[in-house]
> 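I am attaching a structure below and will ask some questions about it afterwards.
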Amino acid sequence: MRYTEAEPMAEQSYAQQLNMSANNGEQQPQATAVSSATTQTMELQENAPVVYANTTIITMQPTEDGNRFPRRPIPINTVDWISTPRAQFSAMSGTQFLEGVEQLEIHQVIDLTTLLGRTEKGIQYRVKVPRAETLFLAMESKMETQSRMYGWYKGFVLNVLDQCGETAFVMRKDPSWMHVPCSRQKITVESASLIGSVEENFSLVGPSFTVYNGMNEPLCNIYGPNVCGCCMYKEAQFQIISLDGSRQIATLMHQWDHLVVDYILLLTFPIDTDVRLKSLLLGASFLIEYLYFQRIRRESRR
């Protein structure tokens, strides 16, 4: 058989077609890989978090529909505030601010008018957790106090404000003669309703008080040092004893505080004490402060 020149040419063109199809098969996966990598890069760029060059302070919470509303300010100053485990922001009455508290520190607010002996605004006291936040500000209502003047001994009215500036307690002491057996010193404590009262007992062996609830039922007794009230010690301790006298349920101490640079009252009770009893013991602290220690405070500042 004889071969012609056309047959080698046909074989050569067929080989070229095979090579071209092979090259096209290699280039198609490479193109697909490049396209997939480009798509992934674009998706990463779209989902990347926003990087801020400057410090950004968030003042509004985002919502789903894009609308943003300013955040409500907290009504209580919490700067350098060591809080106790209590529901501070949901308190409905003054007694609830005393939940979870086992110590109260009471000291008089001193300003220039106080040092000069001017008390037109009335005496003010701060009630706080020791070395922590202030719970109440007790302000003497001057107009009501002046209307209760009588004889030698005046009464007083204390408006006890909570951290939001709302009245937590109202404490009233009626005017009476000082240390007369037939006229006992008494203070009443009110919040949303009458909580109870603290009354002085006639005693020859030192100060004695009884704490009553709103139904005028006795809860406990308070006993001071064995000394006459007019000669009370600068640093004294009052013991709060159960009615049967079997146990001590709280302590009230008048002592010098080096940080405040003044005398303070320190009231200590178990953390699980009923908040109404805590409120009454707070009222007893103001009564004892008024009866025995205001004179000591004035003399210590001279």
> Less than 4.5 Å apart, side chain to side chain, heavy atoms only: is that true for L137 and V127?
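When only atoms from C-beta onward are counted, V127 and L137 do not touch, as no gap falls below 4.5 Å.
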> How many angstroms lie between atom CZ of F293 and atom OG of S285, to the nearest 0.5 angstrom?
10.0 Å
> If you group Ile, Leu, Val, Met, Phe, Trp and Tyr by side-chain heavy-atom gaps below 4.5 Å, do Y233 and Y292 land in one group?
yes
> Decide yes or no on side chain to side chain contact (heavy atoms under 4.5 Å, CB included) for D174 and Q185, but give the supporting numbers first.
CA-CA 8 Å; D174 292 328; Q185 311 300 323; over 6 Å; no
> Starting from W256, can I reach L267 by hopping between I/L/V/M/F/W/Y residues whose side chains sit under 4.5 Å apart?
yes
> Check whether the side chains of T210 and N201 place a donor and an acceptor atom closer than 3.5 Å, and report yes or no.
yes
> When clusters are formed by joining ILVMFWY residues with side-chain heavy atoms under 4.5 Å apart, either directly or through shared neighbours, do L266 and F269 land in the same one?
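Different clusters: L266 never reaches F269 through Ile, Leu, Val, Met, Phe, Trp or Tyr contacts under 4.5 Å.
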> Measure up the Y290 and F156 rings against each other and bin them: parallel (under 30°), tilted (30 to 60°), perpendicular (over 60°).
tilted
> Answer yes or no: is there a donor N or O on one side and an acceptor on the other, between the side chain of Q255 and the main chain of L265, under 3.5 Å?
no
> Decide yes or no on side chain to side chain contact (heavy atoms under 4.5 Å, CB included) for T134 and F136, but give the supporting numbers first.
CA-CA 6 Å; T134 298; F136 306 109; 6.0 Å; no
> Ignoring hydrogens and angles, write down the donor-acceptor pairs under 3.5 Å from the side chains of residues 239-246, residues two or more places apart or on other chains.
residue, atom, partner, partner atom, Å
S242, OG, D244, OD1, 2.6
S242, OG, S246, N, 3.4
S242, OG, R247, N, 3.4
S242, OG, R247, O, 3.4
D244, OD1, S246, N, 3.1
D244, OD1, S246, OG, 2.8
D244, OD2, S246, OG, 3.1

> Is the shortest side-chain heavy-atom distance between L219 and L280 below 4.5 Å?
yes
> Just so I know, are the side chains of L135 and L104 near enough to count as touching, which here means a heavy-atom distance under 4.5 Å?
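Heavy-atom side-chain distance check passes, below 4.5 Å.
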> Measure the shortest side-chain to side-chain distance between L161 and M139 over non-hydrogen atoms and say whether it is less than 4.5 angstrom.
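They are in side-chain contact.
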> Group every Ile, Leu, Val, Met, Phe, Trp and Tyr by side-chain heavy-atom contacts under 4.5 Å, then state whether I187 and Y223 land in the same group.
no
> Could you walk me through whether T251 and Q248 pass side chain to side chain donor-acceptor pair (under 3.5 Å), step by step?
CA-CA 8 Å; T251 303; Q248 181 175 345; 2.6 Å; yes
> Go through L281 and V198 one step at a time and tell me if the side chain to side chain contact (heavy atoms under 4.5 Å, CB included) criterion holds.
CA-CA 8 Å; L281 295 180; V198 181; over 6 Å; no
> Quick one: side-chain hydrogen bond (donor to acceptor under 3.5 Å, both in side chains) pairs with a partner in residues 211-220, sequence neighbours left out?
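Output for this query lists N213-E217.
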> Within the structure provided, determine whether M253 and F238 are in side-chain contact (heavy-atom separation under 4.5 Å).
no
> Are F209 and I288 close enough that some pair of their side-chain heavy atoms sits under 4.5 Å apart?
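In short, these two side chains touch, coming nearer than 4.5 Å.
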> With rounding to the nearest 0.5 Å, note down the distance linking CG in D162 to CD in Q96.
11.0 Å
> Please report the C-alpha distance between F286 and Y125 in whole Å, then the side-chain angles of each, then the deciding distance to 0.1 Å, and finally whether the ring pair (Phe, Tyr, Trp, His ring centres under 6.0 Å) criterion is met.
CA-CA 9 Å; F286 282 113; Y125 293 92; 5.5 Å; yes
> Within this structure, what is the NE2-CD1 distance for the pair H107 and I264, rounded to the nearest 0.5 Å?
7.5 Å
> Nearest 0.5 Å please: distance from the CD atom of E289 over to the CD1 atom of I123.
8.0 Å
> Is there a side-chain contact between L252 and Q237 in this structure, where contact means two heavy atoms from C-beta onward sitting under 4.5 Å apart?
no
> Between S191 (side chain only) and A168 (backbone N and O only), is there a donor and an acceptor less than 3.5 Å apart?
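Looks like yes, one N/O pair under 3.5 Å.
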> Strictly below 4.0 Å, N to O, side chains only: are K128 and D257 in salt-bridge contact?
no
> With the threshold set at 4.0 Å, does a side-chain nitrogen-carboxylate oxygen contact exist between E105 and R126?
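Salt bridge flag = no for R126 with E105.
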> Output the distance between atom NZ (K186) and atom NZ (K173), rounded to the nearest 0.5 Å.
11.5 Å
> Quick one: CZ on R172 to CG on L158, what's the gap to the nearest 0.5 Å?
10.5 Å
> Taking the side chain as every heavy atom from C-beta outward, state whether F169 and T95 have any pair of such atoms under 4.5 Å apart.
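Touching, per the 4.5 Å side-chain cut-off.
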> Could you go through the side chain to side chain donor-acceptor pair (under 3.5 Å) check for Y263 and E235 one step at a time?
CA-CA 8 Å; Y263 285 100; E235 296 192 357; 5.2 Å; no
> Answer yes or no: is there a donor N or O on one side and an acceptor on the other, between the side chain of S203 and the main chain of V205, under 3.5 Å?
yes
> I222 vs S208, test: side chain to side chain contact (heavy atoms under 4.5 Å, CB included). Steps then yes/no.
CA-CA 6 Å; I222 303 175; S208 174; over 6 Å; no
> I need the full list of side-chain hydrogen bond (donor to acceptor under 3.5 Å, both in side chains) pairs touching residues 265-280, with sequence neighbours left out, sorted by first then second residue.
Q103-T268
